[in-house]
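Every chain is numbered from 1 and lettered A, B, ... according to where its sequence line falls, protein lines coming before strand lines.
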Amino acid sequence: MRMSKLFFQTLREVPADAEIVSHQLMLRAGLMRQLAAGLFDFMPSGMRIKRKIEQIFREEMDAIGGQEILMPVVNSADVWKESGRWYEIGDDMARFHDRGDRDMCLAMTHEEVITDLVRQVISSYRQLPLVLYHIQTKFRDEPRPRAGMIRVREFTMKDAYSFDRDFAGLDEFYPKAYQAYFNIFRRCGIEPVAVEADVGMMGGTMAHEFMALTPVGEDTLLICDACNYHANRQVATFRKPEVDSGAPLSLEKVATPGVNTIEALAEFLQIPAAQTAKAIFMVAEVEDSQAADGSVKTRDQFVFAVVRGDMELNETKMTNALKARRLRPATVDEIRAIGAEPGYGSPIDVDRSQIVLMVDDLIPGSPNLVAGANEIDAHYKNVNYGRDYEADLVLDLVAAAEGHACPQCEAPLRAVRGVEVGNIFKLGTKYSKALGATYLDENGESHPIVMGSYGIGSGRLIASVIEHHNDENGIKWPISIAPYHVMLVSLATPKTPDVTAAAEQMYADLQAAGLEVLYDDRDERAGVKFNDADLLGIPLRLTVGGRGLKNGVVEMKVRRTGESSEIPLDQLVAGVQAAADAEWAFINSRLKEETLA
RNA sequence: CGGGGCGUAGCGCAGCUCGGUAGCGCGCUUCGUUCGGGACGAAGAGGUCGGAGGUUCAAAUCCUCUCGCCCCGACCA
């Protein structure tokens, strides 16, 4: 491609709206532009990167038996009503009516549609197992798009679906997908961390998220360096500390004027926060009854949770325990309505008729805690579970944090941030049952198909690669997904027709050899071209100028390493080819076998 | 949805406090000189100051409403 013809513009200055490096560099390098919050245009260079990534998706999916299909972005609501998600999902789903006033939506994902497709075609165990995938636009009306391409509303996603006759089949395929995902990310230059994850709105029995570690990530992971345990904070567990099981002392009310936080309480009574009980008031939206049209009525359930004062509630754990749709903090009025007092909440003496009382499993073994007294400016000392109150539910309710003991080996956990670049789910039969996707086995018995789902977002992956591969001058693309392999910088001026001729010849020769060349034939100064080359991050840069030409050489610089060398003109193609091969080898050397964590 | 910030030329910004009809740098166009890490000179083009209402002789500037974008939080397959 001749740069003089390329539709692009590099920016010298950082656009004010771009906060994170990948966003800034994607704009500055002319890969994309923003249309509106969470909506982006891809420009030619960005499009080439996207296509290369998606080609890797195809190769790795095909390698594990995947067959590419394509399903529509616009869905009729019917299948979503069948699965129930039409009613479960909130404003994240964009809904509209077609001209016939039928309910329609934009696909956020494609479990329903593919299950519908498969139920039409699959009827026998002989047709299983089956793996289908597609690369398609999805739309999720995120409440808050952010961080450039990391969290957007419209995005392209590769999602694959597996269909097996039983869970054993799924269990056999799942590790293959796991391996394929490592291959994909490594081929893109990212070393992911696979973590156990919450299944969220997808449902199912097991899930892994593939995380690219970066401080700009929006997820927190807990990692054990000793035994390699790692999990998303949403599901991470830890070994709860042992506590001295001192003899219960008698309950005692103490005056604590103005002390309405754990911090202040610990300070006021000169005790560690671990000696206190934290009361948390939430309201959960839970399913109540199902209406005739399949829609589900929900009701608000007041939840009173007690965790030790030095720990944080994990809302995902609470949500899952309650099978709640969503969770919100209770209002002051709601709290007072059950006889509790914000800032001074106590599980003793509250109206239990309308509430669910949950306590973290550390609480029953922690004697003599300080809790609120359900009145302003007062706390109880020596609150003891079992003697003073009992809960409806006792379970792990708290969030693992940096320094907590690994659940497997008790070494201290480390907390890191990451971007979720992909995920895999064992869906099981949630969708096949709901939509009636069944097959007949050898005995003529009907069974629901067992499904798995495997997704990767293209744009988010591109941004994550940039987060990892950049320097103060710009992007450093791995050759596997670089928009071009070679940047041919011509330093020709009107007075040096020989340089122009040489550059033109090289451009032709390199392309003939199968290399993807971006030829900077623009009438710009050397500095501008070099800076743009660094910004664009093409792996190999060739510089053609009078100086080198006089000596019969071309300068080559490797963007990744910064190393430069000279290639004799008569060995140009072979020399560049060798350098490109070395870049490929660098990427491919990262591939290795993984076993499912 | 709560909190904060910002909308003035393609990009980055000043002007607003104290109303008087818009400016700087980069980029862009033309000509000349220059030419191996973001050149120089000269001459230009480009903005209903996010939008609507209001106050005023006069509004980028003051008031009201509204739309959009960014950040923190909530949320997040």
M32(A) atom CE is separated from G10(B) atom C1', nearest whole Å, by 17 Å
Between atom CZ in R28(A) and atom P in G12(B), what is the gap in whole Å? 12 Å
With a 4.0 Å cut-off on heavy atoms, is G455(A) in touch with a base, just the backbone sugar-phosphate, or nothing at all? nothing
Carboxylate-amine/guanidinium proximity below 4.0 Å for E68(A) and R58(A): yes
Expressed as a whole number of angstroms, how long is the span from R12(A):CZ to C28(B):C1'? 12 Å
Taking atom types as they are modelled, would you say the side chain of E13(A) forms a donor-acceptor pair with the base of G25(B) within the 3.5 Å cutoff? yes
Does any nucleotide pair with G44(B) by Watson-Crick or G-U wobble geometry, both distances under 3.5 Å, and what is it? C28(B)
Any donor-acceptor N/O pair, E566(A) side chain to E555(A) backbone, under 3.5 Å: no
Base G37(B) paired with R541(A) side chain (donor-acceptor, <3.5 Å): yes
Quick one: label F155(A) by what it contacts on the DNA or RNA (base, sugar-phosphate, nothing), any heavy atom closer than 4.0 Å. base
Which nucleotides of nucleotides 67-75 of chain B have their base under 4.0 Å from a protein heavy atom (B), which only their sugar-phosphate (S), and which neither (-), written as one string 5' to 3'? --SSBBBBB
Could you state the CZ-P distance from F8(A) to G27(B), rounded to the nearest angstrom? 14 Å
Taking any heavy-atom pair under 4.0 Å as a contact, classify D159(A): base, sugar-phosphate, or nothing. nothing
Is the distance from OP1 or OP2 of U34(B) to the nearest side-chain N or O of K495(A) less than 4.0 Å? yes
RNA chain B contacts made by residues 520-533 of chain A, counting heavy atoms under 4.0 Å: R525(A), A526(A), G527(A), V528(A), F530(A), N531(A), D532(A)
Hey, does the Lys NZ or Arg CZ of R560(A) hover above the aromatic six-ring of W477(A), less than 6.0 Å from the centre and inside 45° of the axis? no
Rounded distance in Å - CZ (F7(A)) to P (G10(B)): 15 Å
